Amino acid sequence: MMAGRTLRWGVLTVAMLVAVGLRLADANPAVAQAIVVASVTASQNPGLDPASSVWDEAPAVDVPFTAQEVTFPLGGGNVPIAEIRSVNHENVLYIRMAWSDTTVDSGTTAVEDFADGAAIQFPSEPASSVPAICMGQADAAVNIWQWRADSEAGIDDLPTTDHGYVDLYPSTDDLFYPAKAAGNVYAVGSGPVQNLVAGGFGTLTPADEQAVMGSGVHDGTEWSVVFARPFQAPGSDQPAFADGQEIDVAFAIWDGSAEERDGLKSVSGFLKLEVGAVAAPPPVAAPPPDFGVSSGEPGPPWAALLVIVGSLAVLAIVIEVAARPPKQDQAE
C-alpha cells in the first residue's frame with residue numbers, strides 16, 4: 001500500500017513539474033492552433049482587381065490544401081497551397097485567393113474539358129458549431145461562393161461553316177429561354193461567381209439572391225481570384241458579417257487540366273476569419289533576446305526542457321522506490 005501511495009504522489013509531482021515547464025515555454029498542447037485570416041479594414045476600395053495595391057495592407061496567409069477524401073468522388077489535391085488575403089471596406093467583405101497554376105482551363109465546350117475553379121465556404125450561422133466540411137448537414141447549413149474560369153471567360157460564339165448554321169430564338173421573352181425562366185444562374189448572367197447554399201451532401205443549390213461578386217485573373221503562372229459581398233446577409237442560409245466578428249471559413253480549388261471537378265478537388269480545413277482587424281503595422285527590427293525574467297514574457301525553451309527532464313528523473317526515482325520490496329521486520 002505504501003508503494004502505491006508513493007507512486008501516486010510521484011506521478012502527481014511530475015505532472016505539476018511538466019505543467020510548470022509548459023508554462024515557461026508558453027505552450028498549451030490542449031489548444032488547437034487554428035490558422036487565422038485577418039480581414040483588415042482597408043483604406044480604400046480594392047474593387048475586384050486582384051492586383052490592387054490595397055491588398056498590400058492585408059497579411060498574406062499560406063493555407064495548406066489536400067485532396068478531398070470525405071465523400072465520393074474522392075481525390076484531387078493537385079494544388080498544395082494557396083495564399084489567402086482579406087480586407088473589408090465600407091461594410092463589404094473582400095477575399096483574395098491566389099495559387100500556382102501554369103495552365104488556363106477556361107473552356108468546357110467538350111465533355112473531356114474541365115474548368116479551373118475556386119470556392120469559399122461559410123457556416124450559414126456565424127456563431128454556430130462548425131458544420132460538416134462537405135456541404136454541411138441538415139441542422140448546420142453552409143453558404144458557398146464558387147468562381148469558375150469558364151464563367152469568367154464567357155461562352156464563345158459558335159462558329160458557322162459552309163456545312164451548317166446556328167438558329168437564333170425569334171424572341172427574347174422568357175418563354176423562349178426555359179433555363180432563364182427557371183432561374184439558371186448561367187442563363188441569367190449572374191457573373192463568374194455562383195452564390196450557393198447546402199444543408200448536406202447532395203443538396204447544393206443556387207441561392208435565390210446572387211449577391212456575391214468576383215473576378216479572376218491569370219498572369220501566366222498563377223490564378224488570383226477576388227470575391228466580394230456586402231456585410232448584410234442577402235437571404236436565408238447566408239451569414240451576415242460585422243466588425244469584430246470571428247467566423248469559420250474553408251476553401252477549395254479545382255485544377256481543370258488535372259481533370260478535377262465536383263468532389264475531385266483540393267480542400268482546406270476550416271480556419272478562422274477575423275473581420276475588421278486593424279491593419280498590420282510595418283515590420284520592425286527584432287529586439288534582442290529576452291528570457292522573460294523582468295518583462296513577464298515566456299522563458300527560453302531550454303528552461304522548459306530542464307524542468308521536463310528533471311521531472312522524468314524524479315519519476316524514475318519514484319518508480320524505483322515503489323518497486324522495492326518491503327523491509328522485513330527485525331523481530332522476525
Side-chain angles (χ1 to χ4, degrees), residues 31-32 34-37 39 63-77 82 84 86 93 95 97 114-115 117-148 151 179 181-188 190-214 227-242 244-254 260-275:
V31 177
I35 299 175
V36 176
V37 176
S39 180
V63 175
F65 283 68
T66 186
Q68 194 275 117
E69 299 290 357
V70 180
T71 60
F72 184 82
L74 310 177
I84 309 297
S86 180
L93 177 69
I95 298 177
M97 298 176 62
F114 304 98
I120 303 174
Q121 178 176 267
F122 297 98
S124 296
E125 297 293 335
S128 65
S129 59
V130 179
I133 192 69
C134 282
M135 303 183 190
Q137 64 251 27
D139 59 347
V142 294
N143 180 207
I144 298 173
W145 306 349
Q146 186 188 36
W147 169 89
R148 288 177 49 140
S151 298
N184 184 295
V185 292
Y186 286 106
V188 300
S190 61
V193 176
Q194 290 190 59
N195 186 28
L196 309 164
V197 293
F201 183 67
T203 65
L204 188 67
T205 185
D208 293 334
E209 307 81 12
Q210 291 298 310
V212 183
M213 300 170 289
F227 298 82
R229 204 211 74 186
F231 279 8
Q232 183 177 1
S236 59
D237 290 332
Q238 300 167 69
F241 305 112
Q245 178 190 48
E246 185 178 87
I247 185 172
D248 296 295
V249 62
F251 301 91
I253 295 173
W254 290 262
E260 293 183 356
R261 73 276 189 191
D262 194 25
L264 302 174
K265 59 183 181 286
S266 301
V267 295
S268 77
F270 273 107
L271 38 144
K272 296 292 183 181
L273 177 70
E274 293 183 352
V275 182

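Because the structure is predicted, anything quoted here is derived from the model rather than measured.
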> With rounding to the nearest 0.5 Å, note down the distance linking OG in Ser268 to CD1 in Ile253.
8.5 Å
> Identify the two heavy atoms, one from Pro192 and one from Ser151, that lie closest to each other, and give their separation to 0.1 Å.
CA-CB, 3.6 Å
> Can you see which heavy atom on Ala240 is nearest to which on Pro126, and at what distance?
O-CG, 3.7 Å
> For the pair Gln68 (side chain) and Gly263 (backbone), establish whether a donor and an acceptor sit closer than 3.5 Å, ignoring hydrogens and angles.
yes
> Determine the interplanar angle of the Phe241 and Phe231 rings, folded into 0 to 90°, and report it as parallel if under 30°, tilted if 30 to 60°, perpendicular if over 60°.
perpendicular
> Classify the angle between the aromatic ring planes of Phe65 and Phe251 as parallel (below 30°), tilted (30 to 60°) or perpendicular (above 60°).
tilted
> Nearest 0.5 angstrom please: Leu196 CG to Gln121 CD, how far?
10.5 Å
> With side chains defined as the heavy atoms from C-beta onward, is the minimum distance between Val130 and Pro123 less than 4.5 Å?
no
> Quick one: does Leu204's side chain get under 4.5 Å of Ile144's, heavy atoms only?
yes
> Among Val193, Asn143, Asn195, which residue meets the side chain to side chain contact (heavy atoms under 4.5 Å, CB included) test with Arg229?
Asn143
> For the atom pair CG (Leu271) and CD1 (Ile84), what is the distance rounded to the nearest 0.5 Å?
8.0 Å
> Which residues pass the side chain to side chain contact (heavy atoms under 4.5 Å, CB included) test with Phe114, sequence neighbours left out?
Glu259, Arg261
> Show the nearest heavy-atom pair for residues Pro131 and Ala140, with the distance to one decimal.
CB-O, 3.5 Å
> Closest approach of Glu209 and Pro234, non-hydrogen atoms and distance?
CG-O, 3.3 Å
> Between CH2 of Trp254 and CD of Gln146, what distance do you get to the nearest 0.5 Å?
4.5 Å
> Tell me whether Ser124 contacts the main-chain N or O of Asp237 through its side chain, where contact means a donor paired with an acceptor under 3.5 Å.
yes
> Can you tell me if CD on Glu246 sees more than 12 non-hydrogen neighbours from other groups inside 6.0 Å?
yes
> With side chain to side chain contact (heavy atoms under 4.5 Å, CB included) as the test, pick out the partner of Leu273 among Leu93, Asp248, Ile120.
Leu93
> Is the closest side-chain heavy-atom distance between Phe122 and Gln238 below 4.5 Å?
no
> Taking all non-hydrogen atoms of both residues into account, name the closest pair between Gln194 and Pro206 and its distance.
OE1-CG, 4.5 Å
